[in-house]
Amino acid sequence: MISRIDLRGEALPEGPALRALLPRADFDVTAALEKVRPICEDVHHRGDAALIEYARRFDQVTLERVRVPAEALTEALAGLTDEVRAALEESIRRARTVHRAQRRTPHTTQVVPGGTVTEKWVPVDRVGLYAPGGRSVYPSSVIMNAVPAQEAGVPSVALASPPQAEFGGLPHPTILAACALLGIDEVYAVGGATAVAMFAHGTESCPPARMVTGPGNIWVAAAKRYFTGLIGIDTEAGPTEIAVLADDTADPVHVAADLISQAEHDPLAAAVLVTDSDALADAVEKELAAQVPATRHVEDRIAPALAGRQSALVLVADLEDGLKVVDAYGAEHLEIQTADATAVADRVRNAGAVFVGPWAPVSLGDYCAGSNHVLPTGGCACHSSGLSVQSFLRGIHIVDYSRDALAGVAHHVVTLAEAEDLPAHGAAVKARFDWKVPQQ
């Protein structure tokens, strides 16, 4: 059901050599890029007509318009069960609690008397959010994208999600209900690369956005790469992944359940256990054999995900090597199920999010921890962060110097300008002092 990789017996290699030994899904965004390029350009040139055509081709729905009418949002919210509404509202409340604390305030530094630099934080003008709608429905992704954008103060927030034949060409009603709870009234029944193109270029119905965020399939990732530079993006999200660093104190029932929980997303989802315990690896393997048949989505998602090259039980000599492995792997989600898990978690350097101990499973973070579940995948956690309020803000430096403050450093500016063979730079300073450079 799941393979083993034994890294015991020899010193672990460093850097890329170690990463090459670890499981990872094939996810060729470059190849997908060439396929989405003509679609993106078609949306650019034909606007809504192209969106409607691709909805018919890819989603098997016939649309008269791509914007979701306001009454559909109201009806979707009214159709929620009390239990689902309460769960969504609690998820929103907790996410707001965490993300509101991430707000940035202007800060002024006095460099010299009369010379200050202020950094102010300005939200992007308009954001397009994407909520996938393929194998599963993800109202939680609506929350995870919308809340940090709203808490950052983004004045215009729109959302796109694929049209569903089952629901008359509208996005899934739970997606629409989540939008209603969040106060998002600009929603589009557009999916995949076409949604990214709609936000990037704008159409008759949808003004262009400055930034697009949200998880999606390989076509969404490819479209994000195509438009990078024209718009800001959060990340090129790949298949989801979980790594669990565990020792013999971990409960194999918990570990197996957590590996399965991520495997049910997609047949390319990665489930990786890193452990120094043969006994735990054996017990987890037995638990997988027992738990997998008892759940849903086995044949189309869980079984191929666990059996794929991206998943494995990785055996290491000790926890020190285990930490090296998980840092090299850079998991989207990393669970620490060891003795003194808090201390071990504190030493982790590369992970999208870290879940500490037996009572913080990844599923908690997916919905109600208050953390964000839009996280870097494919090892990108070594250089990228998950979605946050900061993602939607731009830091702008405001330089305010008096005459005396400029005079005090003018000779250094001129010297450096001449050292770089940029005399006009120095001349711009000299001009303010009748071409005489004050000396200290």
Side-chain angles (χ1 to χ4, degrees), residues 68-103 127 129-154 157-162 164 166-168 170-189 213-215 240 242 254 257-258 260-262 264-265 294-297 333 335 352-353 355-375 386-389 392:
V68 174
E71 57 267 24
L73 300 173
T74 303
E75 291 171 4
L77 182 57
L80 280 185
T81 66
D82 291 342
E83 292 81 4
V84 173
R85 178 165 182 159
L88 288 173
E89 288 175 337
E90 182 63 11
S91 179
I92 293 169
R93 187 190 71 79
R94 293 185 178 214
R96 288 208 188 281
T97 298
V98 171
H99 291 84
R100 188 163 292 160
Q102 298 171 356
R103 289 176 176 177
V127 173
L129 311 179
Y130 185 71
R135 290 183 174 86
S136 298
V137 54
Y138 293 102
S140 58
S141 288
V142 179
I143 296 169
M144 298 297 171
N145 281 270
V147 168
Q150 291 174 334
E151 294 302 323
V154 176
V157 177
L159 182 134
S161 191
Q164 309 282 321
E166 181 181 358
F167 301 107
L170 295 173
H172 194 284
T174 314
I175 295 286
L176 300 182
C179 289
L181 287 173
L182 288 157
I184 299 173
D185 58 8
E186 186 183 349
V187 182
Y188 298 91
T213 72
T240 190
I242 179 176
H254 296 172
D258 294 349
I260 293 169
S261 74
Q262 291 306 111
E264 76 173 336
H265 276 286
T295 189
R296 297 172 59 190
H297 312 303
H333 310 94
E335 290 186 357
F355 300 83
V356 183
W359 309 115
V362 168
S363 299
L364 174 66
D366 282 341
Y367 301 114
C368 288
S371 59
N372 203 292
H373 80 201
V374 182
L375 301 167
L387 204 64
S388 70
V389 166
F392 299 95

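Put simply, NE2 on His99 and CD1 on Ile143 are 11.0 Å apart, with the number rounded to the nearest 0.5 Å. Between the CG atom in Leu176 and the CD atom in Glu75 there is a gap of 10.0 Å [rounded to 0.5 Å]. If you take CG on Leu159 and OH on Tyr130, they are separated by 9.5 Å, rounding to the nearest 0.5 Å. Taken from OG in Ser140 to CD1 in Ile92, the straight-line distance is 11.0 Å, to the nearest 0.5 Å. We find the CG-CG distance between Leu73 and Leu181 to be 10.5 Å, quoted to the nearest 0.5 Å. Atom CG of Leu182 and atom CD of Glu89 lie 10.0 Å apart (nearest 0.5 Å).
Checking side-chain atoms of Asn372 against main-chain N and O of Ser388 turns up no donor-acceptor pair under 3.5 Å. Counting only distance, with no hydrogens or angles, the side chain of Glu335 and the backbone of Pro361 share no donor-acceptor pair below 3.5 Å. Ser91 places no side-chain N or O within donor-acceptor distance of the main-chain N or O of Leu88, the cut-off being under 3.5 Å. Judged by distance alone, with hydrogens and angles left aside, the side-chain atoms of His333 form no donor-acceptor pair with the main-chain N or O of Ile242 at under 3.5 Å. Remark: side-chain polar atoms of Ser161 are paired, donor with acceptor, to backbone N or O of Ala131 under 3.5 angstrom.
Across all non-hydrogen atoms, the minimal contact from Pro162 to Pro132 is CD-C, 4.1 Å. Shortest non-hydrogen contact noted between Pro215 and Val374 is CD-CG2, 4.3 Å. Scanning all heavy atoms of the two residues, the minimum distance from Pro171 to Val68 falls at CD-CG2, 3.7 Å. Looking at every heavy atom in both residues, Phe392 comes nearest to Asn145 through CZ-O, 3.9 Å. Closest approach of Tyr367 to Met144, counting heavy atoms only: O-CE, 4.0 Å. Residues Ala353 and Leu375 approach most closely at CB-CD1, 3.8 Å, considering heavy atoms.
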- Item | salt bridge (charged side-chain N to carboxylate O under 4.0 Å, His left out) evaluation trace for Glu90 with Arg94 | CA-CA 6 Å; Glu90 182 63 11; Arg94 293 185 178 214; 2.7 Å; yes
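Applying the side-chain contact (heavy atoms from CB on, under 4.5 Å) test to Val356 and every residue at least two apart in sequence or in another chain returns Ala341, Thr342, Ala345, Val354.
Using the six-membered ring where Trp is involved, Phe167 and His172 have ring planes that are perpendicular, over 60° apart on the 30 and 60° scheme.
Of the candidates Leu129, Val127, Val389, Val127 is the only one forming a side-chain contact (heavy atoms from CB on, under 4.5 Å) with Val154.
Side-chain contact check for Leu77 versus Arg85: some heavy-atom pair is nearer than 4.5 Å.
A 6.0 Å sphere centred on CD of Glu166 holds no more than 12 heavy atoms belonging to other residues, nucleotides or ligands.
Taking 4.0 Å as the cut-off between side-chain N and carboxylate O, Arg103 and Glu151 count as a salt-bridged pair.
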